[in-house]
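What follows is a set of notes on a single structure, which appears directly below.
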Amino acid sequence: MFAVRNTTPQNLRDALAVNVRHYRALKVPAPGKPLSQERCAWEAGIDRTMMSKIERAKTNPSLETLLKLANYLNVSVADLLQEPSKPASGHKA
């Protein structure tokens with residue numbers, strides 16, 4: 001489990017940015033078309049500039065905004081704030 005006490009506000013913003021982009025990419029509205037940032041913001045009921053700031057880790061969104069995003073993306077607020085898993089590094093033989 002992600003320990004909030006062992007992180008900084010910027011680390012949480014960075015994790016949120018990565019996770020929102022990830023979950024937005026998984027939500028595909030039309031065949032072969034990724035969900036745009038603007039459409040995601042509109043569907044979630046948040047301002048598009050707020051969405052941009054969230055994905056660039058430039059703002060501290062309110063709990064209401066986090067809840068709207070989580071509900072729209074069909075994940076928990078905790079999922080949005082958890083530290084993203086690091087890709088496995090390849091080992092050279």
Side-chain angles (χ1 to χ4, degrees):
M1 176 170 225
F2 182 57
V4 174
R5 67 177 176 261
N6 294 329
T7 193
T8 66
Q10 186 59 51
N11 287 346
L12 281 174
R13 285 189 296 269
D14 291 341
L16 176 64
V18 168
N19 290 327
V20 168
R21 284 191 304 266
H22 170 75
Y23 290 118
R24 182 170 59 87
L26 295 178
K27 196 167 183 88
V28 180
K33 288 189 172 183
L35 179 64
S36 72
Q37 204 178 62
E38 185 175 8
R39 173 88 185 262
C40 183
W42 185 79
E43 294 281 345
I46 64 172
D47 186 75
R48 65 177 179 77
T49 57
M50 172 60 77
M51 185 72 178
S52 174
K53 288 178 182 178
I54 290 170
E55 289 196 4
R56 291 182 293 123
K58 299 295 183 189
T59 190
N60 292 324
S62 68
L63 289 174
E64 181 179 359
T65 298
L66 288 176
L67 189 56
K68 285 178 180 182
L69 264 178
N71 286 336
Y72 177 67
L73 295 171
N74 201 30
V75 297
S76 70
V77 172
D79 289 335
L80 294 179
L81 295 175
Q82 75 181 359
E83 187 174 351
S85 57
K86 307 269 189 281
S89 60
H91 297 293
K92 293 185 179 182

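Keep in mind it's a predicted model, so treat the numbers as computed, not measured.
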Would you please name every residue forming a salt bridge (charged side-chain N to carboxylate O under 4.0 Å, His left out) with R13, sequence neighbours left out? none
Do the side chain of R24 and the main chain of L35 share a donor and acceptor less than 3.5 angstrom apart? yes
Got a second to check how far K53's NZ is from I46's CD1, nearest 0.5 Å? 12.0 Å
By salt bridge (charged side-chain N to carboxylate O under 4.0 Å, His left out) - contacts of E43 (at least two apart): R39
NE2/H22 to CG/L80 distance, rounded to the nearest 0.5 angstrom? 10.5 Å
Go through the steps to decide whether E83 and V18 satisfy the test side-chain contact (heavy atoms from CB on, under 4.5 Å), and finish with yes or no. CA-CA 9 Å; E83 187 174 351; V18 168; over 6 Å; no
Distance col, row S76:OG vs Q82:CD, nearest 0.5 angstrom, shows 7.5 Å
So which of T59, L66, N60 actually passes side chain to side chain contact (heavy atoms under 4.5 Å, CB included) with L16? L66
With distance as the sole test, does R48 use its side chain to make a donor-acceptor pair with the main-chain N or O of Q37 at under 3.5 Å? no
Among the clusters formed by ILVMFWY side chains lying less than 4.5 Å apart, do Y23 and V77 turn up in the same one? yes
Expected output: side-chain K27 to main-chain Y72 donor-acceptor under 3.5 Å: yes
With rounding to the nearest 0.5 angstrom, report the CG to CG distance, L67 to N71. 4.5 Å
Spacing of CD1 belonging to I54 relative to OG1 belonging to T49, to within rounding of 0.5 Å: 9.5 Å
Closest approach of D14 to A57 (non-hydrogen atoms, all atoms of both residues): OD1-CB, 3.4 Å
If you count every heavy atom of other residues, nucleotides or ligands that lies below 6.0 Å from E64 atom CD, does the total exceed 12? no
C40 to M51 - nearest heavy-atom pair and separation: SG-CE, 3.4 Å
To the nearest 0.5 Å, what is the distance between CZ on R21 and CG on L26? 13.0 Å
With a 4.5 Å heavy-atom cut-off, do L73 and D79 have their side chains touching? no
